[in-house]
Enquirer: 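For reference, the structure I am asking about is given below.
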Amino acid sequence: MAPRGHDRIGPHGAVSSTHHLGTAAAATVLARGGNAFDAAVACGFVLQVVEPHLCGPGGELPAVFVTATDPVPRVLCAQGVAPAAATADRLRDLGCTIVPGTGLLPATVPGAWEGWLTLLRDHGTWELADVLAPALGYAAGGFPLVPRVPAAIGTVADHFRTHWPSSAATWLPDGRVPAAGELVRLPVLAATWRRLLDEAVGPSREARIDAARDAWYRGFVAEEIGRFAATPVRDETGRDHTGLLTADDLAGWSAHYEDALVADAGSGWSVAKCGPWSQGPVLLQQLRLLAGLDLELPGGVATLDTVHAAAEAAKLAFADREAWYGDGATPDLLDDLLSDAYTDDRRGLIGPASDGGLRPGSPGGRTPRIGDYAGTPGAGRGSGTEGPGTGEPTVSRDGVARGDTVHVDVVDAAGNMISVTPSGGWLQSSPTIPALGFCLGTRGQMFWLEEGLASTLAPGRMPRTTLSPSLALRDGEPALAFGTPGGDQQDQWQLAFLLALMHGGLDLQAAIDAPTWHSTAFPASFAPRGWEPHGLVVESRLGAATLAGLTRRGHVVDDAGAWALGRMCAVGTGAAVPGGGGPGTLHAAVDPRSGVGAAIAL
């Protein structure tokens, strides 16, 4: 049986995030009268400081949200685009077969500042200086390192010393790897934020926020990024390359809103996701595939048949991701991918044994195309062993430093609810920009260099990101915000959480605690982008009999341990829990697996 946790419950607001200091900052904002958007922005900035191996100011973010006045889910896309100079031909001419996972070549326009400020301007109530204050305080005054930060720094320390001296100056005090619990300060980043606040001048709150946006994208930050990107630095190819990003690329870009993609998940539930510029629709495809099957999760623990069916559904959905998802995918394509006829046809491919092939479908009669590199199994899945910053799976059991992600969910008593998955700009992704105190992201590694694919590198195109926040509605009413770090695993761990919630009769915390799994039998999103036919990673708490049965069915089972997979966060209304919860209650829960996340209801 899954251990049964307990939701945090309160009447005024609820927040869950991947780091306790971020959660505390958001809860303080709620307690002082800020709304869910003010709280989420404050949390997001704190996470850039205290989880620097997982996100940073040079990263990006997607968000799914509803407001107190509009219960229709909307998406904010703050995923930056490829530079104007970024073409597949140019990288192939440099000898690249895939986009490198580190350095300056994979840098896209950093979208996080624009995204957080857009949310604050349009839906928040606080001044920028007030929501930035907690993060600025930690950057200037110091923050304690959680154990995984020194582990990440230690893995790349020699690389920093030899090739990225600006990163060594930032993260290796006195030339040494800092210890877990040690206070570290980021004075250069603090100075950058102070200068941005100094330039945030205007006659209204909105005008002041816009001035701070301009100072980043059309001011001193953009100019410094452009200068630094023109300097050759070492990347995972083993050679020095200049970047392609310029100040003009930043000046010409902005975040945008769009309608969320919403699909029926069964049992009165529907789920809202970002569009196919993310991997978000794979959760909807998996839910629809499984809605036609008998699923059993007694006490929240999935049976052999349920895990097998979920793994096979994931393979089908992620094969479609590889063939069809990308910036520019049309609404009619999504309609076909989520249609009853297509789903029924694909569900028929789920057999009694593991299938080791990559089987994209033909929505609307279209012919799928997968590139030669992606279509050939083998190589690693971005484990980080090939160089600093490669990959975005959750931190490995063998201590390898990997990029990853953070997450925050907030709901307030007025009915504002938001789910955000910020990422990128990891301390190990590219060198620290000396004048700014942060590094650029490497999201461009998700592009392919083969022409004519759904996610081929092209100027001004967004990479097909793994970042995948979620909202769920019950009987048409917003009820739940949730998400997790984990790269390609995000929409598989979220699936396991939803199945435990919807079919296991659990509350949010118990559903997060339930044992989980994920498939690795499809091309990874991070360099070196390999895949493992029949690969299935599981938590041992599924039970020895289930693991043995999965092996008999042809899965290559990797037992990750009892509590190893996921960093789920979730908040919701009483409608999200069995029996409906108490009237007016708000619930929060967080994954215990990382040991540093926190959930608060107040």
Side-chain angles (χ1 to χ4, degrees), residues 47-59 100-108 110 112 138-140 142-143 145-180 182-193 221 224-243 245 384-392 395 399-404 423-445 526-527:
L47 296 179
Q48 290 179 2
V49 177
V50 300
E51 295 198 282
H53 59 315
L54 307 180
C55 77
T102 64
L104 297 176
L105 285 175
T108 54
Y138 288 126
F143 62 97
L145 297 180
V146 297
R148 286 176 176 171
V149 180
I153 295 171
T155 302
V156 295
D158 288 342
H159 184 84
F160 283 4
R161 295 184 185 106
T162 305
H163 299 295
W164 295 356
S166 58
S167 295
T170 303
W171 296 108
L172 299 174
D174 303 319
R176 61 179 175 80
V177 176
E182 182 174 341
L183 285 180
V184 170
R185 295 173 176 82
L186 301 175
V188 181
L189 174 59
T192 297
W193 278 339
V221 173
E224 199 60 53
I225 286 174
R227 279 193 291 268
F228 186 77
T231 304
V233 304
R234 184 62 51 91
D235 57 38
E236 69 175 9
T237 67
R239 303 185 299 275
D240 293 349
H241 292 114
T242 58
L245 195 63
T385 57
E386 298 75 24
T390 54
E392 197 194 43
V395 177
V400 171
R402 310 175 179 190
D404 202 344
S423 189
W426 313 310
L427 69 86
Q428 66 272 30
S429 62
S430 65
T432 300
I433 302 172
L436 298 176
F438 64 83
C439 61
L440 295 173
T442 55
R443 191 64 53 177
Q445 67 184 282
F526 292 87

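Nothing here was measured: the structure is a model prediction, and the numbers come from that model.
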Enquirer: What residues, two or more places apart in sequence or in another chain, satisfy side-chain hydrogen bond (donor to acceptor under 3.5 Å, both in side chains) together with R161?
Expert: D158

Enquirer: Does the side chain of L245 come within less than 4.5 Å of L104's, by heavy atoms?
Expert: no

Enquirer: What residues, two or more places apart in sequence or in another chain, satisfy side-chain hydrogen bond (donor to acceptor under 3.5 Å, both in side chains) together with R185?
Expert: none

Enquirer: Quick check: does any side chain N or O of T192 sit under 3.5 Å from a backbone N or O of L436, one acting as donor and the other as acceptor?
Expert: yes

Enquirer: Any side-chain heavy-atom pair from V149 and F143 closer than 4.5 angstrom?
Expert: no

Enquirer: To the nearest 0.5 angstrom, please state how far the CG atom of L183 sits from the CG atom of L145.
Expert: 8.0 Å

Enquirer: Taking the side chain as C-beta and beyond, is there a heavy-atom pair between Q428 and H159 under 4.5 Å?
Expert: no

Enquirer: Could you grab the distance from atom CH2 of W171 to atom OG1 of T432, nearest 0.5 Å is fine?
Expert: 7.5 Å

Enquirer: Using only atom types and a distance under 3.5 Å, with no angle test, would you say the side chain of W164 pairs donor to acceptor with the backbone of V233?
Expert: no

Enquirer: Is the shortest heavy-atom distance from the side chain of V188 to the side chain of T170 under 4.5 Å?
Expert: no

Enquirer: Backbone N or O of L440 within a donor-acceptor pair of the S429 side chain at under 3.5 Å?
Expert: yes

Enquirer: Treating E236 as the side-chain partner and G101 as the backbone partner, does any N or O pair qualify as donor plus acceptor under 3.5 Å?
Expert: yes

Enquirer: Once side chain to side chain contact (heavy atoms under 4.5 Å, CB included) is applied, do any residues pair with P165, and if so which ones, sequence neighbours excluded?
Expert: none

Enquirer: Begin with the C-alpha distance, continue with both residues' side-chain angles, and end with the deciding distance and a verdict on side chain to side chain contact (heavy atoms under 4.5 Å, CB included) for L172 and V177.
Expert: CA-CA 5 Å; L172 299 174; V177 176; 4.0 Å; yes

Enquirer: With a 3.5 Å distance limit and no angle check, can you tell me whether T102 reaches the backbone of D235 through a side-chain donor-acceptor pair?
Expert: no

Enquirer: Considering residues at least two apart in sequence or located in another chain, which fulfil the side-chain hydrogen bond (donor to acceptor under 3.5 Å, both in side chains) criterion with Q48?
Expert: none

Enquirer: Identify, with sequence neighbours excluded, every residue that meets ring-ring contact (aromatic ring centres under 6.0 Å, His included) alongside F438.
Expert: W216

Enquirer: Could I get the full list of ring-ring contact (aromatic ring centres under 6.0 Å, His included) partners for H241, not counting sequence neighbours?
Expert: none

